[in-house]
Structures are given as structure tokens and as C-alpha cells.
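Here the structure comes first, spelled out in C-alpha cells, and everything after it is commentary.
Reminder, nothing fancy here: chain letters follow the sequence lines and each chain counts from 1. A quick note: this is a predicted structure, and the numbers were derived from the prediction, not measured.
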Amino acid sequence: MVFEAFREEAEQLIREAVKQTGYSIERVVLEEPPRQEYGDLSSTVAFDIAKKQKRKPLEVAEELHSKMISFKRNLVGDVNVTPPGYLNFKVNRPKFCNLTLQKSIDEKLGFIDIGKGKKVAVEHTSVNPNKALHIGHLRNVVIGDVVQRLLKYTNHQVVVLNYIDDSGLQVADIIVGFKFLGFPEDPPDPKIKFDHYCGDHVYVKVNQMYSDKPETEKYRRIVLKELENHSSETYEYAKKITERVLYEQLKTCTSIGAFYDCLNFESDIVASKIWQKVFQQMKDQKIIVYEEEGKNAGCWVIKGADDQDKVLIRSDGTATYIAKDIPYAAWKLGLVDDFFNYQKFMVQKNGKVLWKTTLSEGEKDHPIFNNADVAINVIDVRQGRLQKIIASIIKRFGEKGKQKDYIHLGYEIVSLSKDTAIEMGLKVEDKDFIHMSGRAGIYINADDVLEKLEKLALQETLHRNPDADPNWIQEIAMSIAVSAIRYGLIKQDFGKILVFDLKEALKLEGETGPYLQYTYARASRILEKHGEFTPMIEVNGIFEQEEYKFIKELSKFTIIIKDATTRLEPNKLAEYAHNICLLFNTFYEKYPVLHEQDKIKKGQRLILVKAFLNVLKDLMFILGIESHSRI
RNA sequence: GGGCUCGUGGCCCAGUACGGAUAAGGCAUUGGCCUUCGGAGCCAAGGAUCGUGGGUUCAAAUCCCACCGGGCCCA
């Protein structure tokens, strides 16, 4: 937005001045100085030039500055030099402020064309359908959903996929429980959700039984084998169970505002035998080679993936696990023909149909789910190696493969804090946190956290709105719970382990989602109380220091969106949203809007509040946090 | 054994891609602010060997090397 324009102008001034002095530079570094009195942007070009020319930076800076004096300026106001050689640029405040506010109150703020219609497949969630989502899975859902929203916001054509591993060990385990070990198919208490029942009871207990009575493990192998055969009775049964779990899991996801376009079942990939075609294709294109000797003799390998040769087909003819992942990745990017059929799975809360893959007859009218330009896969870092191999293989899929991008959006896992673990009665010894494990029963279910949060928010909302409609209070409480959990899971850098502490997660103050919602409501009420007004009738662009700081931050909106999109760092949006809320609240406490006597000041402040709300609303939307005029 | 990743006040965490001026927020602590627009808020105070050691540089939380500690992956 406007800050970008200011930056570009300053850069042009520098480039022109440098040109006139006859020096040369590769890049212009322009940064915000640590203190306002230095200006709005500072450059260190003089240091770079001074080094090459063996001159004093201060002299160079003075020289550049003297050239600039005569240049035409628009958003740039004063330029000055400070020792030891910084070139400082100040904005022309009235112009800058008016332009920023004008742009920010524009209703069409929400369209920044970065993607230019590029097709992107975002895969996230992908929880084994044998248990309820725990808090770690929720980090995946939130990251995936925010990325998806951000990409749509910046004009990408997005399909959201959810990969369902319905043929692996985890599903096999609960099927063993139901078919062989006598677990009743329905929860003992009808109030228990089916996914919780399968995960908390059946799955954990079956695994306990494997270690207590090792002979029971044979059932697992039997089930696994039968799951591969679509015509087996076990497969049919498992399908029924996993879909039932899936419905419950999706309730959790949709309750926090995450929706999908298609569920891709692993068993369909396996049973489609697509692997053999892909195998042939890879042989033809010499992506894989047959090893005649050495330790991999008799195997088909990929040379040099991940600096090592990777076995794809063992000497006994069995495919390694990569056999599912490669065809699936190739499908996403349109490197193989679409081998799925599609059926409607359900209509989601947002009214959109959720589809699922099938090998049986599908429906003719279905959206296109494959053939994306970019595949973004939200998967935790433990899969990093495998994902890297897949990406490198995709790049070797001929000319078409080179044009496609397979991106692993990795994030660190969620662990339980010491306090929370102790609270759950777990042994922690001297560790600061402990990793979750579905099999061992060490985890916190997402639904439970949401429920606790909702109760807390309900209390608080009720306290503040004693006479409000109970339905409204319920709705707001849920919305606050969702914002707290979403913000908490997105704000942190993806490369860091998120240590989940229940007490911490239940906070509604400080750097949290509810703080954004509170601030939004607070600002909304000003405009609501004032009623209609016509912006920009009389302005002079003169603002107090705090107001100016606030406007300047708002002017960075598009830069933030661009950075977050191109670097896939949606956590930056959370930080920025918090930042502008802090600035708004400072402004709010210090300067009256409705009670301001000066007409021009009052008018400008109203515009500022409106501009802020516009920016915040879009940010919150991307973060999946609802904005209400009252909470 | 090989590779990846993290380490910043009591606690959480931004800043590291592209080196720049007094290291930004939040929680907690202490003290203030409700007869003016919502106190889920604001203001102020204290609190930081930026894991350790070395190197490069006019300048290092940021780059390079070594080491220490946590975590992960592969073998």
C-alpha cells in the first residue's frame, strides 16, 4: 500500500543520486530506524559505497544528500544525514496519512493479486481416521486453513485436500479391536463422541493388549492384508468405521472454521494400482534405475535423492511406502491422469459440498481437484526427509514436472508442558515438556480444550452482557474460544516446538485472539455510536505522534500480506494484527473521537477508526477469527 | 555414525533470509488510570552475559568456525 510506495520513492532517490555521483551499487538497503527522530526509513548505502571507494561514510552520505536536494518528491519529505553515515528519509506526513487512510477505507481493500489465478492444492489435517484430533493435529489444521485463506485472499485458485490414511496400522488396530478383541462397536456412553471412543479406548487398549498378549498381534497382520482388498468384508467394515470417525473429526475441524474440498483415501490409491503405471513412467523417463550390484542389488532405486540412493522397489518386488506418496503427489500436480472417481461425502456447515475419492462409480459433475501448479503439504517436520525426496522426484518428472512445485510446509510438533503433563497424572521426571503419543494415550483432545475455552468465554461474556440473548451469548462464546485456540496455534514460528500449556491456552488477555476481537468491538462501537458519516470532506492530514505511528503501521498492510504469502509465513499476520491493535488501544486511551471538539480532528479520527477496522477485519478473516461489533 | 532444527529478561516469544543506531511484544511482579467513545483495556517501573568460545567487519542476536545443551530424522 502506501508504505511500499514511499519505500520505492526513497529507493529511486538513492539510485538517481548514486547514478549522478558515478558510483555503483547492487542493492539499496532501506530499513526502519530504531527511533522515530531518525526518520521513517534509513539507508546504509553510504557505508557500502564508502567501503568500495575507501572514503568516509559520512562524506559519501553528505554527497548523496546534496544531489537529492533538487530531486522531485512526492511522499518523501525531508532527507537528512546522521553520523556515522546514515541517510534518513522522512515522509511527507499530511500526504502520506491522507493517502493511507483513503486507501484503507476503500471497501475493496481485500484484493491483492499475487497469485494471478495460479492453481494451488493445499493439503492439511490428514489425521488417521482411528481417533479424535488432539491439540497437535489442530496446529496442522489451523496452519493449513490460514494458508488456504491467505492464498485465496491473494487471488490463488485453491483446492483444499485432506488425506485419509485408511489402510495403515492405526486403522488396522481399531478394526482388530472391534473384530477380534470384542470391543463393542458403540461407545458405552452415548454422550462420548465416536472418534474419542475409538482413540481414547479402543486404540490405546488394543495396543496395550499387543504388549500384554503378543499373540494378539497376528490379527493386525490379517486385517492389514485384507484392507488392501476392496472386495473383502473387512475392507467394507473398516470403511464404515473410518467414515464414522471421519464425520466426528470433521465436526471438530468445522467448529473452528476449517473446511475442505476433497477427502483423498489412501486405500483408493493403493487399490487403483496406479503405482504400476507410475512405475512404468518412471522407468521410461529413467527417473529410477535397476541396481545390479552393491547393497541394493536387485532393487529399483532413485539415484542421489537426498544425497543417497533410495530404494523404491525392494528386491523381493514389494514397494516401499514411497509407492503411495509419489503417485499421489503426481496426481496433485497433474503428472498422471486422474485415476480417481468422486462422490459427495457431505454438505459442510458453510454450505459447500465435501467430496471424496472412490474407485466405484463416481458422479459426473464434480469439480477438478488435481492438476495444480503448486502443491502445498502441511505436515510436521518429522516427515521432512520423505517430503524432500518426493519434491526432488517430482522435479524429475520431465518438462512438466520442472514447472510444478511440491512444497512441504513443515512445522514443529506440539508437546505438553511439564505443568499440564503433571496435571494429567503423567510422569515427567526432569523434562521441561513431553511429546504426545496417541498410542500411549499421552495427549489432550482438541474438543476438550475447546470445551474448556468455551465455558470460560461463556462466563466472561455473560458477565459483560447480563441481559443479552442466551443464544447470542452462546454463539459469541464459541467464537471467542475459536479465536483463542486459532491465534495460539498460528502465532508462533513454525520451526519451534509449541509447548502446550493448558493454563496458558485458556487466557483471553494479552497477545491472544480475544484481544483482537475485543479491540475490534471497541472500535466498532465508536462508529456505531456516531452513525453515518461522509469521510474525507475536510481533512488536513495533521496528526498527533501516536496517531501517526498508528497510520504508518496500517500503511504496511500490503507489505505484510505479500511477505506472509510469498514466504508462507502466515504467523506474521497474527503478529501484525496484534501490533495494530496495540496501537489502536494506545490511540483510543489518549485521544477522544466522539468527544473531540475540533471538527477536522474528529473527522480524521473517525476515518482512522474506520480504516483500522477495515484492515483488522481482513486480517482476522484470513486468520479465521470472527469479527463482531459486540462481544 | 550422518543430516536437520531450536537455544533471546523469572516464563513465553519477535527480530536472523538481506549485518547498522538505545533488542520489540506478551505473561508474571510492583505502582498508577473508570463523573468523557467498552478496564478482555491503557500508562509507568524493574528485569537481557541474545547458549559458550573464537573469527570476519567501521559495525554481529544476525555471517563463518568450533563447542555445549534440547528436539527430530536417517543408519
Side-chain angles (χ1 to χ4, degrees), chain A residues 26-35 37-39 42-48 50-51 56-58 82-86 88 306-308 310 380-389 410-413 415 417-419 431-435 456-457 460-461 463-465 480 483-484 488 491-499 501 503-504 507-530 546 563 566-567 569 571-572 574-576 578-579 581-582 584-597 602 605-606 609 629-631:
Chain A
E26 288 115 49
R27 64 198 174 95
V28 174
V29 177
L30 272 165
E31 281 174 346
E32 268 193 90
R35 280 191 293 167
E37 63 202 72
Y38 291 128
S42 285
S43 179
T44 52
V45 274
F47 294 94
D48 296 342
K51 189 168 205 166
K56 287 193 175 148
L58 193 59
T82 48
Y86 295 100
N88 304 321
D306 191 30
D307 297 324
Q308 276 181 43
K310 282 282 157 194
D380 76 53
V381 288
R382 292 173 298 189
Q383 299 274 342
R385 181 176 290 257
L386 171 62
Q387 290 294 312
K388 213 169 131 191
I389 294 167
Y411 63 94
E412 264 291 358
I413 53 166
S415 296
S417 76
K418 194 174 186 167
D419 290 351
K431 302 236 173 188
D432 292 334
F433 54 84
I434 64 166
H435 290 329
L456 208 74
E460 191 68 31
T461 314
H463 178 68
R464 286 156 191 272
N465 305 277
I480 290 170
S483 93
K491 73 171 172 186
Q492 188 166 327
D493 187 283
F494 296 168
K496 287 186 178 167
I497 293 175
L498 197 153
V499 179
D501 186 87
K503 229 172 108 192
E504 205 65 38
K507 284 202 168 124
L508 308 175
E509 296 159 19
E511 193 185 350
T512 63
Y515 176 75
L516 306 185
Q517 290 181 306
Y518 170 75
T519 308
Y520 185 89
R522 205 183 197 195
S524 295
R525 298 281 287 141
I526 295 177
L527 296 190
E528 218 176 280
K529 283 196 173 169
H530 181 272
E546 288 85 354
D563 279 1
T566 54
R567 295 167 65 175
E569 290 176 352
N571 50 323
K572 295 293 183 298
E575 198 196 333
Y576 177 67
H578 177 246
N579 219 341
C581 285
L582 281 175
F584 169 80
N585 281 315
T586 305
F587 157 78
Y588 179 91
E589 301 278 346
K590 191 151 182 183
Y591 302 106
V593 179
L594 298 178
H595 300 290
E596 174 58 51
Q597 299 300 311
K602 181 175 174 179
R605 284 181 190 158
L606 281 167
V609 173
S629 59
R630 286 173 196 232
I631 65 169

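Residue-environment remark: NZ (A:Lys56) stays at or below the threshold of 12 foreign heavy atoms within 6.0 Å. In the displayed structure, A:Glu37 atom CD is contacted under 6.0 Å by more than 12 heavy atoms of other residues, nucleotides or ligands.
Rounded to an integer number of Å, the gap from A:Asp432 CG to B:C72 P is 13 Å. Across the protein-nucleic acid pair, A:Arg385 atom CZ and B:C74 atom C1' stand 4 Å apart, rounded to whole Å. Distance, A:Gln492 CD to B:U8 P: 12 Å, rounded to whole Å. Between the C1' atom of B:U5 and the CG atom of A:Asp380 lies a distance of 13 Å, rounded to the nearest Å. The separation between A:Leu386 atom CG and B:C72 atom P is 18 Å, rounded to whole Å. Straight-line distance from the CD atom of A:Gln387 to the P atom of B:C4: 18 Å, rounded to whole Å. Note: CG (A:Leu498) to C1' (B:C6) measures 13 Å, nearest angstrom. Atom P of nucleotide B:C37 and atom CD of A:Gln597 are separated by 14 Å, given to the nearest angstrom.
Spacing between B:G9 and B:U52 at atom P, rounded to whole Å, works out to 10 Å. Across the P atoms, B:C68 and B:U29 are found 39 Å apart, a figure rounded to whole Å. Nucleotides B:G10 and B:G46 have their C1' atoms positioned 12 Å apart, rounded to a whole Å. Taking atom P on both B:A59 and B:A45, the two are 32 Å apart, rounded to the nearest angstrom. Distance check on atom P: B:G71 versus B:A17 gives 28 Å, rounded to whole Å. Atom P of B:A61 sits at a distance of 10 Å from the matching atom of B:A23, rounded to the whole Å. Of the C1' atoms belonging to B:G69 and B:U8, the separation is 15 Å, rounded to the nearest Å. Comparing B:C73 with B:U49, their P atoms are spaced 34 Å from each other, to the whole Å.
The CD1 atom of A:Ile526 sits 4.5 Å away from the CZ atom of A:Phe584 when rounded to the nearest 0.5 Å. Taking NZ of A:Lys507 as the start and CG of A:Leu456 as the end, the distance is 11.5 Å to the nearest 0.5 Å. A:Ser417 contributes atom OG, which lies 10.5 Å from atom CG of A:Leu498 (distance to the nearest 0.5 angstrom).
Using a 4.0 Å heavy-atom criterion, one finds that A:Asp501 contacts no nucleic acid atom at all. As judged by a 4.0 angstrom heavy-atom cut-off over every strand, A:Ala521 is placed among the base-contacting residues. Across all strands shown, A:Ser415 has no heavy atoms under 4.0 Å from either base or sugar-phosphate atoms. Residue A:Asn88 is classed as a base contact, given a heavy-atom separation below 4.0 Å to a base. Residue A:Ser483 is classed as having no contact, given no heavy-atom separation below 4.0 Å to the nucleic acid. Across all strands shown, A:Ile480 has heavy atoms under 4.0 Å from base atoms, whether or not it also approaches the sugar-phosphate. Within 4.0 Å of A:Val593, counting heavy atoms only, lies at least one base atom of the nucleic acid. Nucleic acid contact class of A:Lys56 (heavy atoms, under 4.0 Å, all strands): none. Among the heavy atoms of the strands, none lies under 4.0 Å from A:Lys590. Heavy atoms of A:Glu460 sit under 4.0 angstrom from at least one base atom. Nucleic acid contact class of A:Gln517 (heavy atoms, under 4.0 Å, all strands): none. In this structure, A:Gly384 reaches neither bases nor backbone, as no heavy-atom distance under 4.0 Å exists between it and the strands shown. Nucleic acid contact for A:Arg382: sugar-phosphate only, since backbone atoms but no base atoms lie under 4.0 Å from a heavy atom of the residue. Residue contacts shown for A:His530 are absent, as no nucleic acid heavy atom lies under 4.0 Å away.
When the nucleotides B:G25, B:C42, B:G20 are ranked by their closest atom to the side chain of A:Glu511, B:G25 comes out on top. Residue A:Ile631 has its side chain nearest to B:G38 when only B:C27, B:G70, B:G38 are considered. With distances taken from any side-chain atom of A:Arg630 to the nucleotides B:G38, B:G25, B:C72, the minimum falls on B:G38. Among B:C27, B:A17, B:G71, the nucleotide with an atom closest to any side-chain atom of A:His435 is B:G71. Among the nucleotides B:A59, B:G39, B:G15, the one closest to any side-chain atom of A:Arg522 is B:G39. Comparing B:G26, B:G71, B:G15 against the side chain of A:Ile497 picks out B:G71 as the nearest. With B:C42, B:C27, B:A14 as the choices, the nucleotide that has an atom nearest any side-chain atom of A:Glu504 turns out to be B:C27. Of the candidate nucleotides B:G71, B:C74, B:C42, B:G71 has the atom lying nearest to any side-chain atom of A:Phe433. Among the nucleotides B:U57, B:A21, B:C37, the one closest to any side-chain atom of A:Leu594 is B:C37. Closest approach to the A:Arg27 side chain among B:G19, B:G2, B:U8 is made by B:G19 (side chain taken as heavy atoms from C-beta onward).
Closest of all the heavy-atom pairs between A:Gly510 and A:Tyr515 is O-CB, 3.1 Å.
Applying the 4.0 Å criterion to OP1 and OP2 of B:G71, one finds that A:Lys431 has a side-chain N or O inside that range. When the side-chain nitrogen and oxygen atoms of A:Tyr515 are compared with OP1 and OP2 of B:C42, one or more of them lie within a distance under 4.0 Å. An OP1 or OP2 oxygen of B:C43 is reached within less than 4.0 angstrom by a side-chain nitrogen or oxygen of A:Thr586. Distances shown here put a side-chain N or O of A:Lys496 below 4.0 Å from the OP1 or OP2 atom of B:A14. Remark: A:Lys491 is not in phosphate contact with B:C12, judged by side-chain N or O atoms under 4.0 Å from OP1 or OP2. A close approach under 4.0 Å does occur between a side-chain nitrogen or oxygen of A:Lys529 and OP1 or OP2 of B:G38.
Position along RNA chain B of the nearest nucleotide to A:Glu589 versus A:Glu31 favours A:Glu31 as the more 5'-ward residue.
The partner of B:A45 is B:U29, judged by Watson-Crick or G-U wobble contacts that both fall below 3.5 Å. Base pairing of B:G7: its partner is B:C68, meeting the Watson-Crick or G-U wobble criterion (both donor-acceptor distances under 3.5 Å). Here B:U62 sits opposite no nucleotide as a Watson-Crick or G-U wobble pair (both hydrogen-bonding atom distances under 3.5 Å). Here B:G1 sits opposite B:C74 as a Watson-Crick or G-U wobble pair (both hydrogen-bonding atom distances under 3.5 Å).
Salt-bridge annotation for A:Asp380 and A:Arg382: present, with a side-chain N of the basic residue lying under 4.0 Å from a carboxylate O of the acidic one.
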Dump the intermediate steps for side chain to side chain contact (heavy atoms under 4.5 Å, CB included) on A:Arg630 and A:Glu528, then the final yes or no. CA-CA 10 Å; A:Arg630 286 173 196 232; A:Glu528 218 176 280; 3.6 Å; yes
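B:C6 shows a glycosidic angle more than 90° from 0 and is accordingly assigned anti.
No hydrogens or angles considered: nothing links the side chains of A:Glu546 and A:Thr586 as a donor-acceptor pair under 3.5 Å.
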